[in-house]
Structures are given as C-alpha cells and as structure tokens.
Amino acid sequence: MPSALAGRDMKIATWNINGVNGRLALLLEWLEAAKPDVVCLQELKAAPARFPAAALSRAGYEAVWAGEKSWNGVAILARGALPIETRRALPGDPRDTEARYVEAAVDGVLIASLYVPNGNPVETRIDRKRRWISRFLKHAEGLIEYPAILAGDFNIIPTERDVYNPARWQGDALFLPEMRTAFTALLGQGWLDSLDVMQPTGERFTFWDYKRNAWQRNAGLRLDHILISPPISGALQAAEVDREMRGKTGASDHAPVWARLSLTKKDMSESSSCAGAARR
DNA sequence: ATGACCGCTGGAAGCGGA
C-alpha cells in the first residue's frame, strides 16, 4: 500500500466496455497504454464466474465486480491493489437484482462504478429508471462528506452541449428534462462534474451509436461521467475522453473517460472517513 | 437517418442497448 503520508496522483477512468470478454484484448491494450490507477467498467455482459479476473491480474489489475449473465455488470479495477469492496448493490430495493452498482475503497478513496437503466422506451421503462435514480440520489447524498468518486454510464445527457442534435433527442429517456434535473440535483449535493469542469468549451462526447454512421458523422452523446466529492474535488488536475478507442476496429460504442487527481496529505487524512463510510 | 449496428445466447433468430 502507498504511504498515507505522501501525496500521489490517481488517474481514474470509466468505460462502458460493452462485453468484457469480447473486448478483453482491446481492454488490455488500453490498460497498457493509458495506465489508469483505477478503472470503473460497465456492461460486462458476463456471469460472475466468467469475469476475466486472471487475465486482468496478469496485467497488474485486481478487481471487484458484480456480474450477471448476458446483461449489465459493473466492475472496479485497481492497479497493484485489491479494491476493498464496500457494496455490491445499490441499497433501497432488495428486489432489484440487476448488476448495476459496485462500490469499493481504493487507496483511501471510495469508488462507485454505476450503470443507470436506460429508460427507453419511455412508455414502458422510464419508471424503472426513475426509481433507480431516486435510490441513487439518496445514497450519493450519504457519501458526499467522504473522499469519493461516482463513475459510470449515467445514461443522462446533462446539457444541450452534450448531444449532437438536441432537437432529435427531445422526449428520449436520456434527455428528458426530468433526467437532466436529476443530474443537476446530484451536482447540487456538491459533486463536481470533472469532464465539464476540465473541458468547458468544445465537444466532449463519450458515446457514438453503432447505427447510422454515428462515429463517422461525430453524432455523439455525453453519457459517461466522473463525479468527485468536495473533500477531493480541489485535487482535480485533468479530465479527457480517450476518443481514439472509439475508432478502433471492434470498439465499444462508448469511449473511456478519465480524470487525474493529485491527492495531498490533507486528502489522505480524510481516508479514515472513507473507512467510516465503508462500515456503514 | 429510430429498419440499416453490435454482443450475447445458443447453436437460429430474438433481445436489449441508447
């Protein structure tokens, strides 16, 4: 374990991998090149026993994950350390068995990897998304005082700047005013939208549909977010989208997003609070 | 440019994704 007295960097990334086994070679290539310290993955699309833990360990990453056959699935990877799992489900509904939330402490920071329900078609599925987000907002509020990071596929387009053609997405579950309000409410709790802060101008899409030549037309959306709690938000140094990963042969329809934090001795002293959150 | 792509499962064609 790194010394709790020395400042150090943490590069944390989130990537909706869209099939962790089908994308394993690309994931390993990216880990080697990008060298993130912490990675949140979504859409593993693999049963728990089929998560490629051994291959990732050989690449230097230990992992905790919530798996599910065929659909969903979330994981947290840490370079050179085993994440200390604090939760494997979002609290508030024992009947919700979908693998959409996992939480772990890594190097004194509480990390959540989340995959919000899509919500389309609105007529039949928006209620599920609404209820999940309601539970998530409540849980997030309880984490705000700790050094914590919420990273994942939120399935929410936060602003008109985050969609190539806002008019075409009116009424879609990703862009409903209600959903954008929920995202704003999260920021209102104190969470910092790292990509928005570090890329305030220009485009910062994270998803391009496989259909209709969306990538070639740059018809993208910003759906993947890394939110940082107040105790460590001042440590944010950089945040970017690894767009080149979307252009690779056999790419996921999402690109990785990453943020770099320079954590100080003061941030480290909050680690005991993180452990407190883990015990709750 | 909401039919048109992709991964998963099962071993074909259907489902879910966003």
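Heavy-atom basis, side chains included; hydrogens, waters and symmetry copies ignored. By convention in this document, chain letters (A, B, ...) are assigned in the order of the sequence lines, proteins followed by strands, and residues within each chain are numbered from 1.
Nucleotides B/dG16 and B/dG10, compared at atom P, are 15 Å apart to the nearest Å. Rounded to a whole angstrom, the distance from the P atom of B/dG3 to that of B/dA13 is 22 Å. When the C1' atom is compared between B/dA1 and B/dA12, the two are found 29 Å apart, to the nearest whole Å. For B/dG11 and B/dC15, the P atoms lie 15 Å apart once the distance is rounded to whole Å.
Atom CD of A/Q216 is surrounded by more than 12 heavy atoms from other residues, nucleotides or ligands within 6.0 Å.
Regarding A/N218, its CG atom lies at a distance of 16 Å from the C1' atom of B/dA1, rounded to whole Å.
Contact check for A/L90 versus A/R100: no side-chain heavy atoms found under the 4.5 Å cut-off.
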Heavy-atom protein contacts under 4.0 Å, nucleotides 9-18 of chain B, coded B base, S sugar-phosphate only, - none = SS----BSBB

Taking it one step at a time, do A/R131 and A/D96 satisfy salt bridge (Lys or Arg N to Asp or Glu O under 4.0 Å)?
-> CA-CA 10 Å; A/R131 286 194 297 270; A/D96 175 13; over 6 Å; no

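Of the two residues near DNA chain B, A/N165 and A/N21, the one whose nearest nucleotide lies more 5' is A/N165.
Between B/dC5 and A/R212, no contact under 4.0 Å exists linking OP1 or OP2 to a side-chain N or O.
Screening A/H225, A/R180, A/R204 against A/D162 for a side chain to side chain donor-acceptor pair (under 3.5 Å) leaves a single residue, A/R204.
Across all strands shown, A/R23 has heavy atoms under 4.0 Å from sugar-phosphate atoms exclusively, and none from any base.
Hydrophobic clustering (side-chain heavy atoms under 4.5 Å, transitive across Ile, Leu, Val, Met, Phe, Trp, Tyr) keeps A/L114 apart from A/L41.
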Side-chain polar contacts of residues 59-68 of chain A - donor-acceptor pairs under 3.5 angstrom, sequence neighbours left out - could you list them?
{"from": "A/Y61", "atom 1": "OH", "to": "A/P36", "atom 2": "O", "distance (Å)": "2.6"}
{"from": "A/E62", "atom 1": "OE2", "to": "A/S57", "atom 2": "OG", "distance (Å)": "2.9"}
{"from": "A/W65", "atom 1": "NE1", "to": "A/P48", "atom 2": "O", "distance (Å)": "3.1"}
{"from": "A/E68", "atom 1": "OE1", "to": "A/N72", "atom 2": "ND2", "distance (Å)": "3.2"}
{"from": "A/E68", "atom 1": "OE1", "to": "A/A99", "atom 2": "N", "distance (Å)": "2.7"}
{"from": "A/E68", "atom 1": "OE2", "to": "A/N72", "atom 2": "ND2", "distance (Å)": "3.4"}

